[in-house]
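This report concerns only the one structure given below.
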Amino acid sequence: MSDAIVPGSFDPPTNGHLDIIERASALFESVTVAVVINSSKQPMFTLEERVAMLQEVCAHLPNVTIGSFTGLLVEYARLRQAAVIVKGLRAVSDFEYELQMALMNRRQSPDIETVFMMTGSEYSYLSSSIVKEIARLGGSVEGLVPDSVGQHLREKARL
Ligand code: ADP
């Protein structure tokens, strides 16, 4: 078994993300959830907040650690000695972008494999952006994000 890396913005982590992380944690020896530091995007949550939320919601998974990276994902994967990148796939619309990323990552680093997991059907419509939109409009995010994340979302939406 190899070590895997699950990258994303996680702004904020949703139940769809958690589903992928839990399934990866059952398949791989160890999993690093890697929060992308992307200066061109204006996130709702700071890097520290996203890392803290992930630590909280992954506390029941002993082989999962949370990290963050800037620059090339394959470089970070190598640093963490991860041979596999795990990504979740929702709709066909995810496919084109993910194919491009996977092929580019393989070109950069042929020894690192990208593995795709299909979303749980109940999460196929779920994204961090739609969850933020609902929270901003005062809607309920129950069942879409872990309870602790829902609490943080409500606090942010009130600001
Ligand atoms: P988002 O697209 O929601 O902003 P991220 O950039 O944080 O999410 O995505 C990180 C990874 O998690 C990507 O591989 C993405 O396809 C996956 N992912 C996001 N939401 C879901 C979901 N509901 N089900 C399965 N995978 C998901």
Side-chain angles (χ1 to χ4, degrees), residues 2-28 31-58 61 64-77 80 82-106 108-109 112-137 139-150 152-153 156-157:
S2 340
D3 295 340
I5 198 148
V6 181
S9 314
F10 305 104
D11 185 42
T14 67
N15 284 342
H17 291 132
L18 193 56
D19 177 50
I20 298 291
I21 296 168
E22 283 173 345
R23 282 154 60 196
S25 116
L27 276 179
F28 297 97
V31 171
T32 302
V33 179
V35 184
V36 185
I37 306 171
N38 186 345
S39 51
S40 67
K41 270 195 194 169
Q42 189 56 258
M44 180 184 237
F45 292 95
T46 65
L47 172 67
E48 292 72 24
E49 287 170 330
R50 285 179 276 156
V51 169
M53 284 188 282
L54 282 164
Q55 275 164 346
E56 204 170 347
V57 302
C58 295
L61 303 167
V64 173
T65 51
I66 318 300
S68 58
F69 73 102
T70 177
L72 284 179
L73 172 61
V74 286
E75 290 297 332
Y76 185 65
R80 301 294 307 216
V84 177
I85 295 168
V86 174
K87 307 239 42 198
L89 272 187
R90 284 161 294 191
V92 180
S93 49
D94 277 347
F95 180 80
E96 214 166 320
Y97 174 74
E98 293 296 352
L99 174 69
Q100 186 184 20
M101 290 302 292
L103 293 180
M104 195 48 83
N105 283 334
R106 191 189 297 155
Q108 303 283 322
S109 192
I112 298 176
E113 193 65 57
T114 304
V115 167
F116 291 99
M117 280 186 187
M118 294 304 155
T119 181
S121 54
E122 63 274 46
Y123 307 126
S124 59
Y125 57 91
L126 192 53
S127 70
S128 295
S129 6
I130 201 159
V131 160
K132 283 184 281 193
E133 192 65 24
I134 293 168
R136 281 197 192 102
L137 297 171
S140 165
V141 292
E142 208 185 319
L144 305 179
V145 295
D147 288 346
S148 56
V149 173
H152 295 302
L153 261 171
K156 279 278 178 192

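Scope of the values below: all heavy atoms of this structure, side chains included, with no hydrogens, waters or symmetry mates. Order of listing sets the numbers, starting from 1, for every ligand and every atom in it.
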Contacting atoms of ligand 1, where contact means under 4.0 angstrom from a heavy atom of [X]:
X: Gly8; value: 7 (O), 10 (C)
X: Phe10; value: 7 (O)
X: Ser127; value: 3 (O)

Starting from [atom], locate the nearest protein heavy atom and write down its residue, its atom name and how far away it is, to 0.1 Å.
atom: atom 9 (O) of ligand 1; value: His17 NE2, 3.6 Å
atom: atom 24 (N) of ligand 1; value: Thr119 OG1, 2.8 Å
atom: atom 13 (C) of ligand 1; value: Lys87 CE, 3.9 Å
atom: atom 3 (O) of ligand 1; value: Ser128 N, 2.9 Å
atom: atom 23 (N) of ligand 1; value: Tyr123 O, 2.8 Å
atom: atom 2 (O) of ligand 1; value: Arg90 NH2, 3.0 Å
atom: atom 16 (O) of ligand 1; value: Gly88 O, 2.5 Å
atom: atom 11 (C) of ligand 1; value: Pro7 O, 3.6 Å

Can any side-chain N or O of [X] pair as donor or acceptor with the backbone N or O of [Y] at less than 3.5 Å?
X: Lys87; Y: Glu98; result: no
X: Asp11; Y: Ser128; result: no
X: Asp19; Y: Asn15; result: no
X: Thr119; Y: Ser121; result: no
X: Arg80; Y: Ile5; result: no

Would you check if Val31 and Val6 make a side-chain contact, meaning some heavy-atom pair closer than 4.5 Å?
-> yes

Can a donor-acceptor pair be found between the side chains of Ser9 and Arg50 at a distance below 3.5 Å?
-> no

For the residue pair Ala82 and Ala4, what are the closest heavy atoms and their distance?
-> CB-C, 4.0 Å

Under-4.0 Å heavy-atom contact with ligand 1, by part of Leu126 that carries it | both

Where the closest heavy atom to atom 7 (O) of ligand 1 is concerned, which of Ser9, Gly16, Pro43 has it?
-> Ser9

Which value, rounded to the nearest 0.5 Å, describes the distance between His17 atom NE2 and Met53 atom CE?
-> 11.0 Å

